[in-house]
Amino acid sequence: MIRILKTSDTAAIDALVAQDATRDPKLVRAVARIVAGVRENGDEALVSYARRFDALTGPIEITPDEILAGAARVPRSVRRAIAAAARSLQRVSARQMPRSFTISTTRGVVIEQRVAPLERVGCYVPAGRYPLPSSLLMSAVPARVAGVREIIAVCPRPDDTVMAAAVEAGVTRMFRIGGAHAIAALAYGTATVPKVDRIAGPGSAYVAAAKTLVSADCPIDFTAGPSEIAVISDEGSADWIAADLVAQAEHDADARAVLVTTNRRLAAQVARSIEARLKELDDSGSPARVAMASHGAIVIARTRSEAVALMNRLAPEHAVCDDDETAALLSSAGTIFVGPWSAQAAGDYATGSNHILPTGGAARFRGGLSAADFVKITSVQRVSREGLRGIAPAALALAAAEGLVAHAASIRVRLGENA
């Protein structure tokens, strides 16, 4: 049975908010050994780990002909769905791109911003209970929109739908590898797998730990933990709310699903609807029952402002609310779904917004993956003699305040002053 809490239960609420992925020290040590092995021994270690963990039997690289053949086996209706999802994602990604500009800050001082794509990126595609072609689209399409020339995809067990997504997204090369060893190969390169400039995409706890470990040497999008949804509603449909909560809990047994409401009657109705839906899923072996029992909750708040405050403390990956007025008050969420028809599951596939989102409270300081994650921004500064004379007093004063005599001298020498 799902827990029903009150906001007055301070300890229980604090535990709910702190319910992010805690790193298992044994897992971290195991990942460190794998990453070090691939970094030091390259393909030899990579292939060994892939055979052990990914059940690899053939070459690690999938040839272009294999990718095309796999994509061709996908039913036309699914290929059309993949193409439609990619088009929507491409439209949103294009608007996310930072712009180049040139601006004069004062007479004789011109600053230019240049935006250039990364040369090569790595897209991690999970392969758990089911294939996830949508996850490939979410990382590879923004990279392509950003202008990245080489898009490397890794997936331990890619099926035909993943191949079809790779074709649609413009993936350059694809490898049958996963887990920590795949992350290490992308971060440091091997004779077969090229080193990339950024790694993006969700994955298991091993993948998350490996991304954290290599992030000092290779940029990552962010470290994603178990999936999360938090719904704030006082007037919504109990069945629809329950459906959203169970859908997100379906991802894995550690997923977090929470309803925050001031309506006690709605809370009871949602609890009953959740139980009914979980019974329907029992035969399929869904992890949703475990997730709802261990990490799910219905929280009854005393006031709407208290409910909003809790939502912002949770900083969920997915937030769902009734109206635009509430949405405007939600300051910390990976993505926000507004209104009864904005089904969270639709955002996983076809709205055009990215479903690779921050978890574990990281939505306090960043949003989801975007095309902007695949570019680098460089500033170009042009200062004339007149410009330097104009800004020299401020620069010299600051250099003196910081005690950097040589800094001041490099300006004075240009102005013909004694250094």
Side-chain angles (χ1 to χ4, degrees), residues 89-123 139-151 170 187 194-200 211 214-223 315 328 331-336 352-354 356-358 362-419:
L89 185 58
Q90 181 171 337
R91 292 187 66 187
V92 175
S93 297
R95 293 295 297 270
Q96 293 171 332
M97 282 288 290
R99 304 300 179 189
S100 298
F101 64 79
T102 300
I103 186 172
S104 176
T105 57
T106 189
R107 185 185 294 273
V109 179
V110 177
I111 305 300
E112 176 187 354
Q113 174 170 287
R114 291 181 182 173
V115 179
L118 301 178
E119 289 293 318
R120 182 189 296 129
V121 301
C123 300
S139 56
V141 170
R144 186 191 68 197
V145 170
V148 176
R149 293 199 314 176
E150 294 185 61
I151 302 174
K195 178 180 178 180
V196 301
D197 299 318
R198 182 180 289 274
I199 300 170
K211 286 172 70 176
V214 306
S215 61
D217 301 308
C218 178
I220 63 172
D221 47 0
F222 41 81
T223 303
S331 59
S332 297
T335 186
I336 301 171
S353 187
N354 206 298
I356 299 176
L357 299 163
R364 297 190 312 273
F365 51 82
R366 76 151 292 158
L369 189 71
S370 77
D373 288 299
F374 297 104
V375 300
K376 53 189 174 184
I377 295 177
T378 304
S379 63
V380 181
Q381 307 181 51
R382 298 180 176 87
V383 183
S384 68
R385 177 184 295 180
E386 180 186 18
L388 184 59
R389 289 187 182 279
I391 63 174
L396 292 171
L398 288 169
E402 294 182 354
L404 299 178
V405 177
H407 278 60
S410 73
I411 295 173
R412 288 197 174 100
V413 72
R414 285 173 166 78
L415 301 178
E417 299 178 9
N418 292 329

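Under a 3.5 Å cut-off, the side chain of Q96 and the backbone N or O of A371 do form a donor-acceptor pair. A donor-acceptor contact shorter than 3.5 Å links the side chain of D197 to the backbone of E119. A distance-only check finds no donor-acceptor pair linking the side chain of Q90 to the backbone of V141 [under 3.5 Å]. Looking only at distances, no side-chain donor or acceptor of R95 sits under 3.5 Å from a matching main-chain atom of R91. Side chain of S104 to backbone of V109: a donor-acceptor contact under 3.5 angstrom is found. With hydrogens and angles disregarded, no donor-acceptor distance shorter than 3.5 Å links the side chain of K376 to the backbone of L118.
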>> Does L398 form a side-chain contact (heavy atoms from CB on, under 4.5 Å) with H407? I'd like the steps, not just the answer.
In response: CA-CA 10 Å; L398 288 169; H407 278 60; over 6 Å; no

>> Determine whether L369 and N354 satisfy the following criterion, side-chain contact (heavy atoms from CB on, under 4.5 Å), listing intermediate values before the conclusion.
In response: CA-CA 6 Å; L369 189 71; N354 206 298; 4.1 Å; yes

> Does the side-chain contact (heavy atoms from CB on, under 4.5 Å) test come out yes or no for R382 and V380, once each step is laid out?
Replying inline: CA-CA 7 Å; R382 298 180 176 87; V380 181; 3.7 Å; yes

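For the pair D373 and D221, the minimum side-chain heavy-atom distance is 4.5 Å or more.
With sequence neighbours excluded, the residues satisfying side-chain contact (heavy atoms from CB on, under 4.5 Å) with L415 are L388, R389, A392, I411, E417. When the salt bridge (charged side-chain N to carboxylate O under 4.0 Å, His left out) test is applied to R364, no partner is found at least two apart in sequence or on another chain.
Of all heavy-atom pairs spanning I151 and A143, the tightest one is CD1-CB, 4.1 Å. The minimum heavy-atom distance between F374 and A146, with the atom names listed, is CB-CB, 3.7 Å. Minimum interatomic distance between V115 and S100 (heavy atoms only, all atoms of both residues): N-OG, 3.3 Å. In this structure, A333 and I336 approach most closely via the heavy-atom pair CB-CG1, 3.8 Å. Taking both residues in full, the closest heavy atoms of R144 and G170 are given as NH1-N, 4.2 Å, listed atom of the first, atom of the second, then distance. A363 approaches A315 most closely through the heavy-atom pair CB-O, 3.6 Å.
The 12-atom threshold is exceeded at CZ of R366, counting heavy atoms of other residues, nucleotides or ligands nearer than 6.0 Å.
Summarising the geometry, atom CZ belonging to R198 is positioned 8.5 Å from atom CD1 belonging to I220; distances are rounded to the nearest 0.5 Å. Atom-to-atom distance recorded for E112:CD and I103:CD1 is 12.5 Å, nearest 0.5 angstrom. In this structure, CG in L404 is found 12.0 Å from CG in L396, a value given to the nearest 0.5 Å. Here the CD1-OG distance, from I111 to S379, works out to 6.5 Å after rounding to the nearest 0.5 Å. Here R414 contributes atom CZ and R385 contributes atom CZ; the two are 12.0 Å apart, rounded to the nearest 0.5 Å.
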